[in-house]
K.L.:
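Mind looking over this structure? Questions follow.
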Amino acid sequence: MEKIFNRLNESQTNAVKQTEGPVLILAGAGSGKTTTIISRLAYLIEVIGIPASNTLTLTFTNKAAKEMKERSLAMIENVAYPPLLCTFHKFGLLFLKFNIHLLNRKNNFVVIDTDDKKRIIKKINSELPTPLIASEISRYKNSLLTPDDAYKQAELFNYKQIAEVYREYENYLNENNLVDFDDLIALTYKLLNDNPELAKTTSQKYQYIMIDEYQDTNELQLKLIQKLCTSHNNICVVGDDDQSIYGWRGAHIRNIMEFDQDFLGANVYKLEENYRSRSPILKVANALIEHNRSRLGKKLLSTRGGGDDVTTLNSNDENEEARKIATKIGKLLESGVRAKEIAVLYRVNVLSRSIEEGLNRAGIAYKLVGGLRFYDRAEIKDLISYIRVITNNHDDFSLKRIVNKPKRGLGKASVDKIELAAHANETSIYEYIKNSDISTLEGLVKKKNSLTLKEFVKNIDMVAKAALESTYEFIDLLEDTFHLKDIYKGTQDESDRILNMDEFYGLFRDFIKKSPDSSLDEFLNELTLQSEQDQVEGESIYMMSIHASKGLEFEHVFIIGLEEGFLPLIGDGSDLEEERRLGYVSMTRAKETLTLSHAASRFYKGRRSDLQKSRFFNEAGLCDGSLIVEKNTAFKKGDLVRHKVFGTGRVAGVSRAGREFKLNINFAGTKRDILASFVERL
DNA sequence: AACGGCATCTTTTTT
DNA sequence: AGATGCCGTT
């Protein structure tokens, strides 16, 4: 008991002790959110005596789940079964494994990722843009619309087309026993909704439910949570409306704003003591976020006090910015700051380039977080496709990916013919090849190709048998039989790809070592749900998007690209309040110092554009008159300008005149004050 | 089947 | 600029 509470403050303690009924914990940045959830779980299990198996804690990322698991295991002793603590999608996967038969489907389904989804869509329809269809299908599923519903709802012809693609896509998934990410949640909800008895027993199993990062839940997830609460109301959600930055992918900030309406009788606890940042940092972050109109209202107070003022960095362009930041980082490192305590954050990934160059020139090692993920790499997807075909011979989709990798002379034309014939016989490509006489195949494709196809199928069979006997040895046999490392032979990045393949083989062996009894399809589904491998800790500074920085903290943070158009990003679908929250999230990553940087121009999308300083400087209470920008043109002291009447002059000073900027210009010895919009820069 | 040239698009990202 | 995708040529 003491162990649980001696590290908690008063509001955290209150939130932990409120075990019954709906609870909303509004946890500001750096306010000890994870500690609070873990303590609450420990309290339920160790003090109240709730069996661990009757609790359920859901997160969004594997990383969060992993961290919580580790921390809770350290805190909870004498528990026979660890509590179920996993991502929403993992929960869906587990649930479907047990219950998908109620939808007349077999539980050896395979989870496909976004890339697979797009390939399937592309095959069905290559006219409309695939990403659009993919996101629309996702939207339909999250709104629980069937293809029929989508079709009826569609007014524009294109949307009728999309609904048709959606229908065929669903048929394809069913025929091949595949589920996509959205299905993991949507089918789980559907089962609970269609089977009240199942909802009741499931809800009774999970008596106490906690949800992390509640501001990131979408409409469907809320419905699922409500189903899980069918027989009780013990739902505790933790989140921060000010850190909701995933609206663009369907997160519904109203869920946290109106929690008390969805779950009546809710208790609300606010965690407003910040253990992370020095007070000048919080002052700036608080000032910025206060400009948002829709918030629950919460103000972070620093428990650490003191500290340096927030620094503003003004540069003419991205190269100057990069030089300045590299210099500052160099000084920090010289003064003994650990590299991993420094981070450069940006709104848009492309902004990393100039900084990378600057750091390279200064000889400072950095680690780029984000970018192409390991499991999304082509070579890794090839290996996964092989394993998929081996576990499920009917997976035409994966088979087509690998049938000519490495090159076996089986081009699109040949494979299309075989596929057509297979469909005519209502069977899969694999089965068709396996069960057809060589003479039948020769009627479709070249003689040489029919032999190759037969050989391919024979090898898949052979490796699949080996896998049943020894999963561990299977992986070597796979490489030896198909020579997968030859796929990228002769390409420029061959050695990188081979390194990645070896890493994958290593991961496979680790998995089998850890759980020797698991089948290949368990391995596959685990993989699909896996995000980026843990970043190795090293002696280099971090660079990442603001989104990627959520939940992390660094002693010294640099935020670059604070310009109108970048932060806030302006475009269709952009939401100024969400942009402000991004600003807030990025600022509150800093513990000791925060540097906000802006450049007057950047090279972007193939051309150089002038940029206006972000409004967030003013909103955060950081005014700076040294560089004034208007009508997409930056002015500063010393610039040459032309005026329609007075001709050419040189800027001697810049000041503010209401909403406009006023320039003091020296026209051949005569200084005049002119509004900036009346001159052009030369 | 494979390659190369041309057009197009460009926020954030997890599962 | 740089990546991606499509189409026509070899």
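Side chains included, hydrogens not; waters and symmetry mates left out as well; all remaining heavy atoms used. Quick caveat, the model's predicted, so the values are computed rather than measured.
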K.L.:
How long is the line joining CG of A:L224 and C1' of B:dT15, in whole Å?
P.N.:
14 Å
K.L.:
Would you say a side-chain N or O of A:K605 is under 4.0 Å from OP1 or OP2 of B:dT11?
P.N.:
yes
K.L.:
Output the rounded distance in Å from NZ (A:K117) to P (B:dT14).
P.N.:
16 Å
K.L.:
Please state how far atom CG in A:L368 lies from atom C1' in B:dT13, giving the value in whole angstrom units.
P.N.:
15 Å
K.L.:
I want to know whether A:F566 and A:Y604 have ring centres closer than 6.0 Å.
P.N.:
yes
K.L.:
Could you tell me whether A:R295 and A:E577 make a salt bridge, using a distance below 4.0 angstrom between a side-chain N and a carboxylate O?
P.N.:
no
K.L.:
Could A:K381 and A:D113 be called an ion pair, given the rule that one side-chain N must be under 4.0 Å from one carboxylate O?
P.N.:
yes
K.L.:
I'd like to check, for A:W248, whether its ring lies over the base of B:dT12 with centroids under 5.5 Å apart and a plane angle smaller than 30°.
P.N.:
yes
K.L.:
Could one point to a donor on the side chain of A:T114 or the base of B:dT13 with an acceptor on the other under 3.5 Å away?
P.N.:
no
K.L.:
With the threshold set at 4.0 Å, does a side-chain nitrogen-carboxylate oxygen contact exist between A:R139 and A:E136?
P.N.:
yes
K.L.:
Reckon A:R607 touches a base, only the sugar-phosphate, or nothing at all at heavy-atom distances under 4.0 Å?
P.N.:
nothing
K.L.:
Quick one: which of B:dT11, B:dT15, B:dT13 gets closest to the side chain of A:R347?
P.N.:
B:dT11
K.L.:
What is the distance, to the nearest angstrom, from the CG atom on A:L582 to the C1' atom on B:dT11?
P.N.:
10 Å
K.L.:
On the nucleotide B:dT10, are OP1 or OP2 found under 4.0 Å from the side-chain N or O atoms that A:N349 carries?
P.N.:
no
K.L.:
In this structure, how many angstroms lie between the P atom of B:dT14 and the CG atom of A:D183, rounded?
P.N.:
20 Å
K.L.:
How long is the line joining CZ of A:F60 and P of B:dT12, in whole Å?
P.N.:
20 Å
K.L.:
Using the ring centroid of each side chain, check whether A:Y206 and A:F91 are separated by less than 6.0 Å.
P.N.:
yes
K.L.:
Tell me: CE of A:M544 to P of B:dT12, nearest whole Å?
P.N.:
15 Å
K.L.:
Between C:dT4 and B:dT13, how far is it from one P atom to the other, in whole Å?
P.N.:
16 Å
K.L.:
Of the nucleotides C:dA1, B:dT13, B:dT15, which one has an atom closest to the side chain of A:T87?
P.N.:
B:dT15
K.L.:
Between A:K407 and A:E578, who's closer to the 5' end of DNA chain B by nearest nucleotide?
P.N.:
A:K407
K.L.:
Give the nucleotide from the list B:dT15, B:dT11, B:dT13 with an atom nearest to the side chain of A:L569.
P.N.:
B:dT11
K.L.:
Given B:dT13, B:dT11, B:dA2, identify the nucleotide with an atom nearest to the side chain of A:V348.
P.N.:
B:dT11
K.L.:
Using a strict cut-off of less than 4.0 Å between a Lys/Arg side-chain nitrogen and an Asp/Glu carboxylate oxygen, indicate whether A:E318 and A:R608 qualify as a salt bridge.
P.N.:
yes
K.L.:
Quickly work out the A:Q243 CD to B:dT13 C1' distance and round it to whole Å.
P.N.:
17 Å
K.L.:
Using the closest heavy atom to pick a nucleotide of DNA chain B for each, name whichever of A:I546 or A:N449 lands nearer the 5' end.
P.N.:
A:N449
K.L.:
Any side-chain N or O of A:N62 under 4.0 Å from OP1/OP2 of B:dT15?
P.N.:
yes
